[in-house]
Amino acid sequence: MSMRTYVTWAEMITGFARSGDSVSARRFFDQVPTELKNVVTWTVMVDGYCSNGQMEMAREVFEAMPRRNFFVWSSMICGYCKIGDVEEAKAIFDRIPVRNLVNWNSMIAGYAQNGFCQEALKAFGNMQAQGFEPDEFTVVSVLSACAQSGLLDVGKDIHNMLSHKRIKLNQIVLNALVDMYAKCGDLINARLIFEEMTERNSACWNAMISSMAVHGQCKEALELFCRMEKSNEKPDEITFLSVLSACAHGGLVDEGMEVFSKMQKKYGLEAGIKHYGCLVDLLGRAGRLREAYALVKSMPMKPNDMVWGAMLGACRIYMDMEITEQVAEDISTLNSSIQSGNNSHYVLLSNIYAASDRWEKAERTRIEMENEGFQKIPAHSAFMPCGA
DNA sequence: ATAGGGTTAG
């Protein structure tokens, strides 16, 4: 087609990349006639790789670009953050000759999403020091950093800043505020904002429900869930995780079991491994170890580390050596810890044995770990005499 | 090009 412009090519490349087909996107990119190959076609190709998490390919094309715009820098930063490589994202950020607000927002969001809360807050300060005014995107990420690290005072400062900077209180900003107050333990203010909201989506309900569970208000969390059921916002998978966790914390076993079956029967949501993990935790904490273990053995999917962790946690609380032995056997036959590179349940197992004065068993668990090539093995557990 | 909600253990 002779009428093709660079826009047409860019749309083709983006279309394939968005559907996850980087290979076809690249094929079109390579066919763009030289006279139409401009900064936009390069950028959409890089962005395509970034959104598919193919950062090595993204990097290759990015480095070959003759010119770069604001967009491509942000794509690279977000791409690296999405695969958890914050250091590489920062290296890209440092290379930007002239930064814009979105570049800053992308970096701050990347920090916050990967748990680098101090860095997020620092970058937020630097950004303002360089004369940038924060917008909705900025404050949402910074509020999330405060929520994760429990910095209520900083969170309140941001809240105050919202009106001064004329930042719009859209749904996402309000949700971030609710989440910040709730996670920081200020349930009064969280509730205040929550109740004043005219529209509440599931993220909002979930933030409130899960925080109430964390802060011990389990009955209230369940009440809120009932209210949500009557609202026009349907509970989703995350809602059920939050509610099941509330039941586990409050020892509300029957309620939890009911919620679990309601999730499938009434709402047609399929229980995932995380829901099973919650249920194992719920039964386990309540001392119903045999039911918990039966559930682990009958789950439709392979138990993961979380499930074993919940199971072992319950074994430790109730010192049930019989079930512990069975779990130990399951773990060593399934070797699930090797796949995930997580040796925490070996440590848990070791703790349980140690606590029940079965030192030889504890020793054997350690030797097993050593044989399987784990490098660093804790010298002693919380239950063992320290200062060896 | 950028933003919000989730399970376990200590």
Side-chain angles (χ1 to χ4, degrees), chain A residues 14 40 43-44 46-48 50-51 68-79 81-82 89 96 100-110 112-113 120 134-145 147 167-168 170-180 182-183 194 200-211 213-214 228 233 235-249 256 271-282 284-285 292 303-317 342 344-345 347-348 351-352 381-383:
Chain A
T14 309
V40 176
T43 298
V44 295
V46 173
D47 184 62
C50 289
S51 56
R68 300 190 182 97
N69 56 15
F70 287 125
F71 293 73
V72 79
W73 292 102
S74 284
S75 291
M76 289 295 287
I77 294 167
C78 295
C81 289
K82 214 186 302 175
I96 304 178
N100 72 358
L101 180 60
V102 180
N103 297 147
W104 279 101
N105 285 348
S106 305
M107 196 62 238
I108 295 172
Q113 285 161 4
D135 68 358
E136 290 80 6
F137 288 81
T138 325
V139 296
V140 165
S141 296
V142 179
L143 283 171
S144 160
I167 293 172
K168 272 196 210 131
N170 64 23
Q171 172 120 57
I172 297 176
V173 173
L174 287 170
N175 285 357
L177 276 173
V178 169
D179 187 52
M180 184 278 293
K183 285 230 173 72
F194 178 85
R200 299 180 198 95
N201 60 9
S202 62
C204 187
W205 286 99
N206 295 347
M208 205 60 232
I209 293 173
S210 63
S211 289
V214 168
M228 182 183 185
E233 191 64 36
D236 61 15
E237 285 91 346
I238 297 175
T239 313
F240 283 101
L241 278 178
S242 310
V243 177
L244 286 173
S245 138
C247 295
H249 283 278
I273 190 143
K274 294 172 180 181
H275 298 100
Y276 280 97
C278 275
L279 211 57
V280 170
D281 183 51
L282 173 74
R285 278 184 203 248
N304 63 5
D305 290 332
M306 297 291 196
V307 174
W308 289 123
M311 195 64 233
L312 284 172
C315 286
R316 193 173 68 174
I317 298 171
N342 179 348
S344 65
H345 43 241
V347 176
L348 250 170
N351 283 350
I352 295 168
S381 78
F383 285 93

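Chain identifiers are assigned alphabetically (A, B, ...) following the order of the sequence lines, protein sequences preceding nucleic acid strands; residue numbering begins at 1 within each chain.
A donor-acceptor contact under 3.5 Å is formed by the side chain of A/Asn170 with the base of B/dA3. Taking only distance into account, the side chain of A/Asn105 meets the base of B/dT2 through a donor-acceptor pair shorter than 3.5 Å. Side-chain atoms of A/Asn69 stay outside donor-acceptor range of the base of B/dA1, with no qualifying N/O pair under 3.5 Å.
Of the candidate nucleotides B/dA1, B/dA3, B/dG5, B/dG5 has the atom nearest to the side chain of A/Asn206. Nearest nucleotide to the side chain of A/Arg285, out of B/dA9, B/dT7, B/dA1: B/dA9. With distances taken from any side-chain atom of A/Leu241 to the nucleotides B/dT7, B/dT8, B/dA1, the minimum falls on B/dT7. Residue A/Met306 has its side chain nearest to B/dT8 when only B/dT8, B/dG5, B/dA3 are considered. Here the side chain of A/Phe70 is nearest to one of B/dA3, B/dA1, B/dT7, namely B/dA1. Distances from the side chain of A/Ser144 to the nucleotides B/dG5, B/dT7, B/dA3 place B/dG5 closest. Side-chain atoms of A/Gln113 lie closest to B/dA3 of the nucleotides B/dG5, B/dA1, B/dA3. For A/Ser242, counting side-chain heavy atoms from C-beta on, the closest listed nucleotide (B/dG6, B/dA1, B/dA3) is B/dG6. Nearest nucleotide to the A/Glu136 side chain, out of B/dG5, B/dT2, B/dA3: B/dA3. Between B/dT7, B/dT2, B/dG6, one nucleotide has an atom nearer to the side chain of A/Cys78 than all others, and that is B/dT2.
When heavy atoms are screened at a 4.0 angstrom cut-off, A/Ser202 is found touching base atoms of the nucleic acid. Contacts of A/Asn201 with the nucleic acid, taken as non-hydrogen atoms under 4.0 Å apart, include base atoms. Contacts of A/Ala176 with the nucleic acid, taken as non-hydrogen atoms under 4.0 Å apart, are absent. Among the protein residues, A/Gln171 comes within range of the nucleic acid bases, having at least one heavy atom under 4.0 Å from a base atom. Backbone-only engagement by A/Lys183 is indicated by non-hydrogen atom pairs under 4.0 Å involving sugar-phosphate atoms exclusively.
Regarding A/Trp205, its CH2 atom lies at a distance of 16 Å from the P atom of B/dG6, rounded to whole Å. When rounded to the nearest whole Å, the span between NZ of A/Lys82 and P of B/dT2 equals 8 Å. The CE-C1' distance, from A/Met311 to B/dT7, rounds to 16 Å in whole Å. Across the protein-nucleic acid pair, A/Leu174 atom CG and B/dA3 atom P stand 18 Å apart, rounded to whole Å. For the pair A/Asp179 CG and B/dG5 P, the interatomic distance rounds to 5 Å; values are reported in whole Å. Taking atom OH of A/Tyr276 as the reference point, atom P of B/dT7 lies 19 Å away to the nearest angstrom. For the pair A/Ile108 CD1 and B/dA1 P, the computed distance is 19 Å after rounding to whole Å. Note: CD1 (A/Ile77) to P (B/dT2) measures 11 Å, nearest angstrom.
A donor-acceptor pair under 3.5 Å is absent between the side-chain atoms of A/Glu136 and the main chain of A/Val173, judged by distance alone. A donor-acceptor contact shorter than 3.5 Å links the side chain of A/Arg200 to the backbone of A/Phe194. Remark: the backbone N or O of A/Gly48 is paired with a side-chain donor or acceptor of A/Ser51 at under 3.5 angstrom.
By the 4.5 Å heavy-atom criterion applied to side chains, A/Gln113 and A/Lys82 are not counted as neighbours.
Residue A/His249 places at least one side-chain N or O closer than 4.0 Å to OP1 or OP2 of B/dT8. Contact annotation: A/Arg316 reaches the phosphate of B/dG10 (side-chain N/O to OP1 or OP2, under 4.0 Å).
Atom CZ of A/Arg68 is separated from atom CE of A/Met76 by 8.5 Å, given to the nearest 0.5 angstrom.
Under the side-chain hydrogen bond (donor to acceptor under 3.5 Å, both in side chains) criterion, A/Ser144 pairs with A/Gln148, not counting sequence neighbours. Qualifying side-chain hydrogen bond (donor to acceptor under 3.5 Å, both in side chains) partners for A/Asn206, counting only residues two or more places apart in sequence or in other chains: A/Asp236, A/Thr239.
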